[in-house]
Amino acid sequence: MKRNELPHVQARMTSLQGMALTCAGYAADMLTLTFGPAQREACLHIQCSYRLATADVILFDRIDYFEPSDALKDRWRGEGLEEADFPRDWPDDDCRLFEQVKQLPLDGMSVTAVEVDQLGDLTIRFANGMTLLALPMSSDEQECWRFWCDARWPDQHMVVCGDRVELHGPGDGCSRICE
């Protein structure tokens, strides 16, 4: 991210402070989060590395998409399989990420602080002590995470890439955040 882009990104992300996480989901290994009431809804999609943790425990991370769920492992053990013999192929919806996101308690998940650094690392702290980290791992135009709030910035997604920040508008419209 260019130095002059950071204040613009930070200003947009700070709009999350005080908003409650109302929905957590996924599309493959992309984490999808919705904050606030429907009329002010803000959305965050994270495609880079991420994790949600307390001070002591990582609750889930992107890599959990590639691991079978605890329930599936328990079923295989019940069928007499040893861990070394677990199948390598299993349905995506039986992954550990989906299992953990579905169990996420949304109570107390109001945003207390949001920080973005020069590399595009995003930190969101919640009132219940949990912290979400998004860590871009790309040095090129690959999309890392995107944020939008139609009530404040109609039809405009802020897209953080490995090497820049873009504003995506209706249709194919795309511009740099600092133009």
Side-chain angles (χ1 to χ4, degrees), residues 1-53 59-66 92-93 95 97-98 100-102 104 106 109-127 130-179:
M1 173 181 322
K2 307 241 181 311
R3 197 166 297 283
N4 63 340
E5 294 172 331
L6 184 58
H8 297 281
V9 173
Q10 184 68 46
R12 285 198 182 209
M13 296 311 298
T14 301
S15 70
L16 283 177
Q17 285 183 211
M19 294 180 84
L21 179 64
T22 55
C23 183
Y26 40 78
D29 62 337
M30 178 175 67
L31 184 61
T32 63
L33 304 171
T34 305
F35 300 85
Q39 65 275 17
R40 275 190 41 207
E41 185 173 271
C43 299
L44 177 64
H45 287 180
I46 305 173
Q47 293 178 248
C48 60
S49 296
Y50 57 82
R51 77 171 184 229
L52 181 71
L59 301 171
F60 61 78
D61 65 28
R62 182 177 174 269
I63 299 301
D64 287 332
Y65 177 74
F66 304 99
D92 285 353
D93 56 349
C95 71
L97 175 64
F98 293 6
Q100 296 299 348
V101 170
K102 288 176 190 174
L104 185 64
L106 297 179
M109 296 217 49
S110 62
V111 177
T112 58
V114 180
E115 301 161 14
V116 182
D117 72 14
Q118 194 67 44
L119 297 175
D121 294 356
L122 172 65
T123 303
I124 301 176
R125 298 185 197 292
F126 296 96
M130 291 183 191
T131 300
L132 174 70
L133 297 175
L135 304 165
M137 302 301 243
S138 173
S139 62
D140 62 13
E141 74 276 357
Q142 183 176 2
E143 181 175 328
C144 299
W145 53 271
R146 82 172 42 217
F147 176 72
W148 71 95
C149 178
D150 286 338
R152 295 193 65 181
W153 307 284
D155 298 320
Q156 195 177 69
H157 292 201
M158 179 181 67
V159 179
V160 175
C161 301
D163 62 349
R164 67 184 173 277
V165 181
E166 299 173 339
L167 295 175
H168 290 219
D172 292 330
C174 176
S175 63
R176 298 296 294 258
I177 197 166
C178 291
E179 286 184 334

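For the numbers below, each heavy atom of this structure counts, side chains included, while hydrogens, waters and symmetry mates do not. Every value quoted in this text rests on a predicted model; they were computed, and no experiment measured them.
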Smallest separation among heavy atoms of Phe98 and Ala28, with atom names: CE1-O, 3.3 Å

Could you give me the CA-CA distance, side-chain angles and deciding distance for Cys144 and Ser138, then say whether side-chain contact (heavy atoms from CB on, under 4.5 Å) is met? CA-CA 8 Å; Cys144 299; Ser138 173; 4.2 Å; yes

If I take atom CD from residue Gln100 and atom CG from residue Asp61, how far apart are they, to the nearest 0.5 angstrom? 10.0 Å

Does some side-chain heavy atom of Val9 sit less than 4.5 Å from a side-chain heavy atom of Phe147? no

Starting at OG1 of Thr22, measure out to CE of Met109 and round the result to the nearest 0.5 Å. 11.0 Å

Under a plain distance cut-off of 3.5 Å, with no hydrogens placed, do Gln47 and His45 share a side-chain donor-acceptor pair? no

Taken to the nearest 0.5 Å, the spacing of Trp145 CH2 from Asp121 CG works out to 10.0 Å

Distance in Å, Glu143 CD paired with Ile46 CD1, rounded so as to fall on 0.5 Å steps: 11.5 Å

Under the side-chain contact (heavy atoms from CB on, under 4.5 Å) rule, what do Tyr26 and Cys95 come out as? Steps first, then yes or no, please. CA-CA 11 Å; Tyr26 40 78; Cys95 71; over 6 Å; no

Please list, chain by chain and in numerical order, all residues satisfying side-chain hydrogen bond (donor to acceptor under 3.5 Å, both in side chains) with Glu115, sequence neighbours excluded. none

Once side-chain hydrogen bond (donor to acceptor under 3.5 Å, both in side chains) is applied, do any residues pair with His157, and if so which ones, sequence neighbours excluded? Arg146

Ignoring hydrogens, what is the shortest heavy-atom contact between Ala24 and Leu33? Give both atom names and the distance. CB-CD2, 3.8 Å

If every non-hydrogen atom of Gln156 is compared with every non-hydrogen atom of Asp150, which pair is closest and at what distance? N-OD1, 4.3 Å

Are side-chain heavy atoms of Leu122 and Tyr50 found at a separation under 4.5 Å? no

Should Met158 and His8 be marked as a side-chain contact (heavy atoms from CB on, under 4.5 Å) after you check the CA-CA gap, both sets of side-chain angles, and the distance that decides it? CA-CA 10 Å; Met158 179 181 67; His8 297 281; over 6 Å; no

Short question: side chain of Glu166, backbone of Val159 - any donor-acceptor pair under 3.5 Å? no

The reported gap from CE in Met137 to CG in Leu119 (rounded to nearest 0.5 angstrom) is 10.5 Å

Exercise: identify the closest heavy-atom pair between Gln118 and Leu6: OE1-CD2, 3.6 Å

Do you know the tightest heavy-atom contact between Cys23 and Leu21? O-CD1, 3.5 Å

Is there a side-chain contact (heavy atoms from CB on, under 4.5 Å) between Arg62 and Leu31 once you walk through the steps? CA-CA 8 Å; Arg62 182 177 174 269; Leu31 184 61; over 6 Å; no

Just list the side-chain donor-acceptor pairs under 3.5 Å for residues 34-44, sequence neighbours left out, or say none.
none

To the nearest 0.5 Å, what is the distance between CG (Asp29) and OG (Ser49)? 9.5 Å

Where the side chain of Thr123 meets the backbone of Leu133, is there a donor-acceptor pair that is under 3.5 Å apart? no

Nearest heavy atoms of Val116 and Gln10, plus distance in Å: N-OE1, 2.9 Å

